[in-house]
Amino acid sequence: IHAYAGAFGLGIAMLGGIVQIATPDHLMKKTLPYRLAGATLLATIGAYLTMRRTSDALPLIATVISRFFETQSSPQRIRLLMLIPLTMWIIYSLDRQFYLLTFAQITLMASQMFAVFNVHKETQKSPS
């Protein structure tokens, strides 16, 4: 379906997830700069190899900034920040006319926002 940039972006995300799972917890901080540099390098290579339209940059940029946002210590902050790359993926999917994928991404975004607001309500109720 000629969505090479999206496929390349997903490949980088999957590789990043595998590396993160394979990295022992005590080495996570030490390897962080290398993992971020690797994701950036792969996205740059992906942009060179796969970009045909301006919108093809969106999934590659979204993948790289997702790697940076995942380094946050607060899960709530991660949820909020991940709305940015998710919006980029939605725009890319709409541009490529992938309506089922767009629906899935909007559902994911709604789920994230629901989690953000539920956690916010729960922290306001707790008497700490």
Side-chain angles (χ1 to χ4, degrees):
I1 54 179
H2 302 289
Y4 301 115
F8 206 91
L10 286 174
I12 295 169
M14 286 181 8
L15 181 63
I18 291 169
V19 168
Q20 213 164 346
I21 289 169
T23 303
D25 287 343
H26 67 280
L27 294 177
M28 288 299 271
K29 257 193 163 119
K30 189 182 274 189
T31 61
L32 178 66
Y34 303 108
R35 290 183 286 126
L36 294 176
T40 305
L41 177 66
L42 287 174
T44 304
I45 292 168
Y48 177 75
L49 295 175
T50 65
M51 276 189 59
R52 302 291 179 258
R53 303 190 222 177
T54 306
S55 64
D56 286 343
L58 291 173
L60 299 169
I61 294 169
T63 300
V64 171
I65 63 174
S66 294
R67 305 303 319 160
F68 281 93
F69 290 166
E70 289 170 357
T71 63
Q72 300 296 313
S73 57
S74 164
Q76 189 72 339
R77 188 176 298 154
I78 293 171
R79 286 184 195 107
L80 283 170
L81 289 172
M82 288 305 239
L83 293 173
I84 298 166
L86 189 52
T87 302
M88 293 175 157
W89 275 101
I90 289 170
I91 294 168
Y92 176 73
S93 297
L94 284 172
D95 182 61
R96 289 295 184 157
Q97 300 174 347
F98 298 150
Y99 300 118
L100 186 59
L101 182 58
T102 303
F103 175 74
Q105 292 164 335
I106 290 171
T107 303
L108 178 60
M109 182 179 267
S111 172
Q112 277 185 263
M113 292 175 71
F114 181 75
V116 166
F117 291 121
N118 263 356
V119 170
H120 180 69
K121 279 196 283 186
E122 287 177 20
T123 54
Q124 283 184 337
K125 288 181 186 178
S126 64
S128 356

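Scope of the values below: all heavy atoms of this structure, side chains included, with no hydrogens, waters or symmetry mates.
Rounding to the nearest 0.5 Å gives a distance of 5.5 Å between CD of Q72 and CG of L81. Expressed to the nearest 0.5 Å, how far CD1 of I45 lies from CG of L60 amounts to 11.0 Å. Considering CD1 of I90 and CG of L83, their distance stands at 9.0 Å, rounded to 0.5 Å.
When every heavy atom of Q76 is checked against every heavy atom of V116, the shortest pair comes out as NE2-O, 2.8 Å. Across all non-hydrogen atoms, the minimal contact from S55 to P59 is O-CD, 3.5 Å.
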Side-chain polar contacts of residues 17-30 - donor-acceptor pairs under 3.5 angstrom, sequence neighbours left out - could you list them?
unit_1	atom_1	unit_2	atom_2	d
Q20	OE1	R67	NH2	2.7
T23	OG1	V19	O	2.6

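By the rule that hydrophobic residues join a cluster once side-chain heavy atoms approach within less than 4.5 Å of another member, F69 and W89 end up as members of one cluster. Connection of M88 to Y92 is established within a shared hydrophobic cluster, with ILVMFWY side chains joined at heavy-atom distances below 4.5 Å, either directly or through further cluster members. I91 and L94 fall into different hydrophobic clusters, where Ile, Leu, Val, Met, Phe, Trp and Tyr side chains are chained together by heavy-atom contacts under 4.5 Å. Residues L36 and M82 do not share a hydrophobic cluster, defined by chaining ILVMFWY side chains whose heavy atoms lie under 4.5 Å apart. Linking Ile, Leu, Val, Met, Phe, Trp and Tyr residues whenever their side-chain heavy atoms come within less than 4.5 Å places M113 and I106 in a single cluster.
In this view, Y4 and H2 satisfy the ring pair (Phe, Tyr, Trp, His ring centres under 6.0 Å) rule, not counting sequence neighbours.
The residue from L41, T40, I12 that alone fulfils the side chain to side chain contact (heavy atoms under 4.5 Å, CB included) condition with V64 is T40.
Counting only residues at least two apart or in different chains, side-chain hydrogen bond (donor to acceptor under 3.5 Å, both in side chains) contacts with residues 99-113 comprise S93-Q105.
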